[in-house]
Amino acid sequence: MERILDGQVALITGSTSGIGLGIARIFAAAGAKVMLNGFGKPEDIAAARAEIGALMGVAQCPYSAADMSRPAEIEAMVREAEALSGRLDILVNNAGIQHVSPVQDFPPEKWDAIIAINLSSNFHAIRAALPGMLARGHGRIINVASAHGLVASPYKTAYVAAKHGVVGLTKSVALEIAEAPITCNAICPGFVRTPLAEAQVKPLAEKHGISEEEALRDHLLAKQPSKRWVEVDEVARMALYLVGPGSGGVNGAALSIDGGWLAA
Ligand code: NAD
């Protein structure tokens, strides 16, 4: 891997698992100093820190346990990342949760949690990180939205509302920083093979009385014309493009990586 991020510091929220961990892997392999964030079993977090640390040539990579539903913890996490080397070049807002339910049964506390973690955390992190990026004259912000940031599906009201909000936030921030050497873009994946998405297969199979393969193909991936998962590494490579050299002209974009979902 070419070390195109040598010397840069990257903070990736929700990076103890799935897409965030995949982005951490590729950024660290490209030379970045990566700070992880997210929840999980202590041994899984330790394993992720050791794996990313090995790519950085240290025993354990930096890690913040900040809860993305808590604005004060988000601000402290950004300050901690800046303190690593006196700079924060890359912010990836990736942490996210899901809840599936008809709107009339949707628990209000789930709505609040999804809006806080999937949308408001992006605002709080950008708000905290942007002044330093402007002062240092360099910055790359990626918000991991979703195909559900561009189109809806039933029973995912909070998620769809939050992800549409992320795309709007991305565009607005992009316009504000358009003349600075900073970009702010959203990645809009379809179904990606991660714990968050795979957890939806079994309940679908049980609900419809079909096999998990049928549930995956005919229900979960019904809208994804490729009829296959997008892989974490494919999303990570899109993120690497957005933070690497030659992508400075891409700003305010909502980039689909969804096996053709939005084309239909
Ligand atoms: P995942 O469940 O594998 O990972 C989610 C990460 O967020 C984990 O590290 C988890 O610990 C962290 N997290 C959850 N709540 C948190 C909190 N309060 N504070 C800090 N961290 C928290 O999920 P994933 O599939 O990798 O999803 C990552 C992002 O990609 C999410 O924003 C998700 O909406 C988005 N996305 C996923 C898919 C998909 O099919 N997997 C598709 C489109 C978009």
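Indexing begins at 1, ligand by ligand and atom by atom, following the structure's order.
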Just distance, no hydrogens or angles: give the donor-acceptor pairs under 3.5 Å from side chains in residues 21-30, sequence neighbours left out.
from: R25; atom 1: NE; to: E51; atom 2: OE2; distance (Å): 2.5
from: R25; atom 1: NH2; to: E51; atom 2: OE1; distance (Å): 3.4

Listed pairs under 3.5 Å, donor-acceptor, residues 34-45 side chains, sequence neighbours left out:
from: N37; atom 1: OD1; to: G14; atom 2: N; distance (Å): 3.0
from: N37; atom 1: ND2; to: S64; atom 2: O; distance (Å): 3.1
from: N37; atom 1: ND2; to: A66; atom 2: O; distance (Å): 2.9

Name every donor-acceptor pair, under 3.5 Å, that has one atom in a side chain of residues 168-179 and the other anywhere in the protein, sequence neighbours excluded.
from: T170; atom 1: OG1; to: N143; atom 2: ND2; distance (Å): 3.0
from: T170; atom 1: OG1; to: V166; atom 2: O; distance (Å): 2.6

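Here the two rings, on F106 and H99, have centers that are under 6.0 Å apart.
Clustering ILVMFWY residues whenever any of their side-chain heavy atoms sit less than 4.5 angstrom apart, transitively, puts I141 in the very cluster that holds I117.
Closer than 4.0 angstrom to ligand 1 sit non-hydrogen atoms from G14, S15, T16, S17, G18, I19, N37, G38, F39, A66, D67, M68, N94, A95, G96, I97, I117, V144, A145, S146, Y159, K163, P189, G190, F191, V192, T194, P195, L196, A197.
Nearest heavy-atom pair across A125 and V78 is O-CG2, 4.0 Å.
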